[in-house]
Amino acid sequence: MLASQPWRHSKTSMQSYNYYIRRGTENTHFAVSARIGILGNCSTETFSKVLKGFYVENGMQVDLIEASYDTINSELLDPDSLFFSKNLDFILLYFSPLKIRDLFFRSETKTSVADECIAALRQCVDILKDRKINVLLTSIPTNLESCFGNASALFNTSLIYQLQKFNNSLKETVRSYSNCFLLDIEHLANNVGLVNFHSEKLWSMGKMPCHPKFFPTISEEIYRIQKALKGSSKKVIVLDLDNTLWGGVIGDDGVTGISLGNSVIGEAYKAFQYYLKSLKEKGYLLTVCSKNEYEVAIEPFRKHDEMILKENDITLFMANWEPKSTNISEMAQILNLNLDSFVFIDDNPFERNEVRSALPNVFVPEMPTDPAEYISALDQSKFLENVVYTENDSKRSDQYKTEALRYAARSSANQLDDYLSGLNMVSRVERINESNIERAFQLILRSNQFNLRTQRVSKSELEEYSKRKDYITFCFHLSDKYGDLGLISVLILKVIEEQMFIEEFVMSCRVLKRGMEAFIMNQVSKLTSELGLVNIVGEYIPTQKNKIVQYLYPDLGFQQVDSKENLYQLKADNFDIGKNFIRDFA
Amino acid sequence: MTRDDIKLGLRDVFEEVLGIKNIALTDAITANDVKGWDSLAHIDIILATEEKFNVRISASEASKLKCVGELIDLISYQKK
């Protein structure tokens, strides 16, 4: 359907806006798969319609509730508000700078306008945090006034100063509240230019936060954030070599002949490598997939002085003559990651299309012919949405790197037991606390395969569970002779009368088939009997991606609870539930 | 651009905004005569018209518009 739309390549037009409005009114057969509340200091009526249409276009029915113009505080201060009873995925708080400008003009104390706005905002966010509701906060465009020309932003009595302060405090709020996420409208406005984005006319006519032709773009951002909140994000960037990382063909031109550094084009490739290196440092895995002989392909990584990416920046290096899709499938297997977490970057349209048609779940951005535009092209393709970031992310690449070694060892070991016992695995167990909660939350979000109930417990819920007496939270770390794998499993137990219910059980796909589940269940069993409880109860809720744990509980010796298909229980008197080769750190 | 050309263009605008195909536009038609032409749709019609004809219609012009004929006047004035 989309391909026939003439504005396909320009989402920012009234044609596109009207298209989505109409899509939103169509009857669809989709079940409701998203629930969103919208509140604003501006009118959000037409925006909501576009958002609804955008979700329909992407195969989702969204249940939207919204309040009338500028009623954020009165709505949320009402304990009986509809916004609290709908089990919303999140509430969008949409701010227009023009409303804040109105307040500013009327205010006697201009230097405190931003603080007052943020104080009101935090009051709402506190309420929503207590109710365990996620909030999406919008930043605002700020350059609306230049009372002192270039010096305007220097003085706290100016509007632009107050608007910038609002943004800074808003971002600080997002950082410090576990239920808050940022929708960076300011960034978006900067991208398209404020002259286009901003509309005084539409503010006076309909209290619109910006020109409505940008509503589809904003909807897309929200859709992307929601997907990231539901745990779908990109993790692996697969790279071609020739004319992607350097100019020329290594097989023909040799290490001295390729173009990298020292020329206009060479510098462009070098800058692209710096960009990729910075992505690696943020936790994305880089792999290489090249049609080449391995010895030829690896040579620049070892010998070329201008190479920014080194051999050890690359998690997996595949150089051969197989179709690239075959190699990428194998990478997914080795790394134990879903194909939809892969991005494939290649200058060659033939290779891009081969991967696109063979592996439709892999994201393959279009690449410009000019390498000087590689960075902005990738940045604009916006596949890098991520709602959590932990300091440990920079080490992820190294952790996965050892995965290839383990894979090789596994292939050569005759018996799985020999392999596992030779790994010298040690696990450290701890409760969820301030130092590990970020990573625990991230793991809950990211785990799709080993995830028994896919409840996606939020960070504020985690905080709460770690303090409550009837919940017991566990984090498991694992290390082996190849290195530290970090925090790889989270378990939340709830005491319900005489039973220990497994509320949440996720594990990183990097450590599947290592006996970790048996190790964990032994710990649970010990704890359960120490507390004088009788049974451990586990539930498996099927999703499209968690088939791998379909038989986890029966495999660990659990019995099916009568007539309840996916509910299993185990008497807590057995501390040797499954054989494993993991030593307890304590 | 003749008034008839503008009418043809506006027909696309009305189809795009209100989903009404091949609307017979005359100068005398007002918001009351067209299903769905409420105050919100009015803004959408103004904005779609701006985009379609590459013209600018101010807030005060938009709020004073009484009928299709006056909208055509505004466009044809800027397209002279």
Side-chain angles (χ1 to χ4, degrees), chain A residues 1 4-27 38 40 42-53 56 66 68-69 96 98 192 195-218, chain B residues 1 5-23 25 29-32 34-68 70-79:
Chain A
M1 162 155 282
S4 64
Q5 300 302 325
W7 41 265
R8 180 73 181 95
H9 296 291
S10 162
K11 278 204 193 76
T12 52
S13 68
M14 286 309 289
Q15 265 184 302
S16 139
Y17 163 91
N18 285 313
Y19 171 77
Y20 286 116
I21 293 237
R22 233 164 317 117
R23 280 293 265 161
T25 62
E26 285 171 21
N27 290 321
I38 301 184
C42 48
S43 165
T44 55
E45 201 177 336
T46 41
F47 172 70
S48 308
K49 291 181 182 166
V50 174
L51 184 66
K52 197 171 166 85
V56 170
E66 49 174 334
S68 42
Y69 165 69
S96 163
L98 288 167
V192 298
V195 193
N196 297 311
F197 189 79
H198 180 68
S199 175
E200 301 269 353
K201 176 167 88 183
L202 292 165
W203 178 252
S204 66
M205 282 172 80
K207 298 288 180 243
M208 289 190 179
C210 67
H211 196 294
K213 69 181 174 187
F214 293 102
F215 287 167
T217 314
I218 297 169
Chain B
M1 207 173 205
D5 293 339
I6 294 172
K7 254 182 215 164
L8 274 179
L10 280 179
R11 214 164 70 172
D12 294 344
V13 167
F14 277 76
E15 176 175 345
E16 186 187 307
V17 176
L18 302 173
I20 305 170
K21 283 199 162 71
N22 294 322
I23 188 170
L25 288 178
I29 283 183
T30 69
N32 290 334
V34 182
K35 196 176 163 248
W37 190 350
D38 56 16
S39 60
L40 275 183
H42 187 65
I43 298 179
D44 291 349
I45 289 169
I46 297 297
L47 295 176
T49 302
E50 287 189 332
E51 185 174 285
K52 175 91 186 171
F53 296 95
N54 195 20
V55 294
R56 300 279 293 165
I57 298 168
S58 72
S60 71
E61 286 166 338
S63 62
K64 281 184 221 144
L65 275 182
K66 285 194 202 64
C67 58
V68 170
E70 289 182 16
L71 181 58
I72 296 172
D73 291 343
L74 281 173
I75 299 164
S76 70
Y77 181 75
Q78 290 188 46
K79 285 281 150 190

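Since the structure is predicted, the reported quantities are computational estimates derived from the model, not experimental observations. We use all heavy atoms of the structure for the numbers below, so side chains are in, but hydrogens, waters and symmetry mates are not. Just so we're on the same page: letters track the sequence lines, and every chain starts at 1.
- The contact between A:Glu45 and chain B is made entirely by side chain atoms (from C-beta outward), counting heavy-atom distances below 4.5 Å.
- If you measure heavy-atom distances from B:Ser58 to chain A, the contacts under 4.5 Å come from the backbone alone.
- Residue contact with chain A, scored on non-hydrogen atoms closer than 4.5 Å, involves the side chain of B:Leu40 exclusively.
- When side chains are defined from C-beta on, B:Glu16 counts as touching A:Arg22, because their heavy atoms get closer than 4.5 Å.
- Scanning both residues, A:Gly206 and B:Ile43, for their nearest heavy atoms gives CA-CD1, 4.0 Å.
- Shown here for A:Lys201 and B:Ile57, the closest heavy-atom pair between the two residues is NZ-O, 2.5 Å.
- Residues B:Leu47 and A:His211 meet the side-chain proximity criterion, which asks for heavy atoms closer than 4.5 Å.
- Under the 3.5 Å distance criterion, the side-chain polar atoms of B:Glu51 are left unmatched by any main-chain donor or acceptor of A:Ser13.
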